[in-house]
Number of protein chains: 2
Amino acid sequence: MTNTDDSALRPTRQRRAVVAALQECGEFRSAQEIHEVLRAAGDNVGLSTVYRALQALADAGQVDMLRSEAGEAVYRHCSDSHHHHLVCRTCGRTVEVEGPAVETWTRAVADEHGFTDVSHTLEIFGTCASC
Amino acid sequence: MTNTDDSALRPTRQRRAVVAALQECGEFRSAQEIHEVLRAAGDNVGLSTVYRALQALADAGQVDMLRSEAGEAVYRHCSDSHHHHLVCRTCGRTVEVEGPAVETWTRAVADEHGFTDVSHTLEIFGTCASC
DNA sequence: ATCGGAATGAGAATCATTGTCAAGTCGAGC
DNA sequence: GCTCGACTTGACAATGATTCTCATTCCGAT
């Protein structure tokens, strides 16, 4: 809608660093954690910048954002297609899962009650085999 | 499990007030909002107390807690059975919905990947007919 | 190389939530 | 009805994530 597509995200050193960190890590990480990682790696990136980069990436759909059970925003580099997450609440290991039936169901339920412009959030938390 | 059931929640004036406010309201409200409502009604209840009461009620399963899109914890008095919510993002109207298939599916997916001690969150947001 | 606008960063500011601890309240037993 | 100890409360400080501010810096088209 409001996405003019010429949103023009300038590929700066800092943004590249954030993207790289997310790709290397593979799990959901908070802005603060990413900031730590970058700092540890010698990349000096301001905390505000990390927050801004992550939000921009999330808005652009290049990363997934969800809230941990503690309520913090955590980010992860994911595949493009719509999917949900099965997350280990101990080690953070994440499995992308798809549930066509769930998508269908949510839409049906929303229709049934006259709701339009529907979106949904679904996350599964658990303890993985190795934890 | 850890629930000894003799959890003994003393029914104090403040806790009663919080419960009453939730029941009257019927929609998801934040701790701060409940605090406002009580204060406006002349019931003087400390903010900390409201937070504690809501957490206790949520733990006891007497109210549902979820995070608004802004990330704040919001509470609502709900039926006992496990269910999810279809929430109007304009007026806040809430419909409780049940999806046995979803429950089954989440458990199956978790099992399949060796996850145990599984929980899940599922909320549907949309615009209701009158909005 | 230059210019304008976008991006950065250090720190302050905000805001929900939690912790602290002395004072108040409940209710079982006398 | 009165007492005592345990549970609760509340005013305020403390925490911690996130956002804001704004002067400085960087990007990239000209």
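Below, chain A is the first sequence line, B the second, and so on; all start at residue 1. Not measured: the values here are computed from a predicted model.
For the pair Gln55(A) and dT19(D), the criterion of a side-chain N or O lying under 4.0 Å from OP1 or OP2 is met. Of the side-chain N and O atoms in Thr12(A), none sit less than 4.0 angstrom from OP1 or OP2 of dC27(D). Between Arg39(A) and dG9(C), a side-chain N or O to OP1/OP2 separation shorter than 4.0 Å is absent. Side-chain nitrogen and oxygen atoms of Arg15(A) include none within less than 4.0 Å of the OP1 or OP2 phosphate oxygen of dA6(C). Side-chain N/O atoms of Tyr51(B) include none lying less than 4.0 angstrom from OP1 or OP2 on dT18(C). Phosphate contact (OP1/OP2 of dG10(D), side-chain N/O of Gln14(B), threshold under 4.0 Å): present.
A donor-acceptor pair under 3.5 Å links the side-chain atoms of Arg15(B) to the main chain of Arg10(B), judged by distance alone. Of the possible polar contacts, one joining the Glu33(B) side chain to the Ser30(B) backbone as a donor-acceptor pair under 3.5 Å is found. Put simply, the side chain of Glu24(B) never gets that close to the backbone of Ala21(B): no donor and acceptor are under 3.5 Å apart. Of the possible polar contacts, none joining the Arg67(A) side chain to the Arg67(B) backbone as a donor-acceptor pair under 3.5 Å is found.
With axes fitted over five pairs at each extremity, the angle between the ends of the helix from dA1(C)-dT30(D) to dC30(C)-dG1(D) is 30° (10° resolution).
The shortest distance between side-chain heavy atoms of Arg29(A) and Arg76(A) does not fall below 4.5 Å. Annotation: side chain of Asp64(B) is in contact with side chain of His83(B) (closest heavy-atom distance under 4.5 Å).
Protein atom CD of Glu69(B) is 17 Å distant from nucleotide atom P of dT18(D), rounded to whole Å. The CZ atom of Arg67(A) sits 7 Å away from the P atom of dT18(D) (whole-angstrom rounding). Summarising the geometry, the separation between CZ on Arg13(A) and P on dG28(D) is reported as 14 Å, rounded to the nearest angstrom. Atom pair Asn44(A):CG and dC26(D):C1' shows a separation of 16 Å (rounding to whole Å applied). The distance between atom CG of Leu54(B) and atom P of dT18(C), rounded to the nearest whole Å, is 10 Å.
Evaluation of the ring pair (Phe, Tyr, Trp, His ring centres under 6.0 Å) rule for His77(B) yields no partner, not counting sequence neighbours.
Remark: aromatic rings of His120(B) and His84(A) are distant, center separation not under 6.0 Å.
Between Asp117(A) atom CG and Cys128(B) atom SG the span is 12.0 Å, to the nearest 0.5 Å.
Here the side chain of Gln32(A) is nearest to one of dT17(C), dT18(D), dG9(C), namely dT18(D).
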Enumerate the protein-to-nucleotides 20-25 of chain C contacts in which both atoms are nitrogen or oxygen and the separation is below 3.5 Å.
none

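Residues from residues 70-78 of chain B that place a heavy atom under 4.0 Å from any atom of DNA chain C, listed by number: Glu72(B), Ala73(B).
Every pair passing ring-ring contact (aromatic ring centres under 6.0 Å, His included) that includes a residue from residues 15-38 of chain A is listed here, sequence neighbours excluded: Phe28(A)-His85(A).
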List the atom pairs, donor and acceptor, that lie under 3.5 Å between side-chain atoms in residues 104-115 of chain B and the rest of the protein, sequence neighbours left out.
from: Thr104(B); atom 1: OG1; to: Pro100(B); atom 2: O; distance (Å): 2.9
from: Thr106(B); atom 1: OG1; to: Val102(B); atom 2: O; distance (Å): 3.3
from: Thr106(B); atom 1: OG1; to: Glu103(B); atom 2: O; distance (Å): 2.8

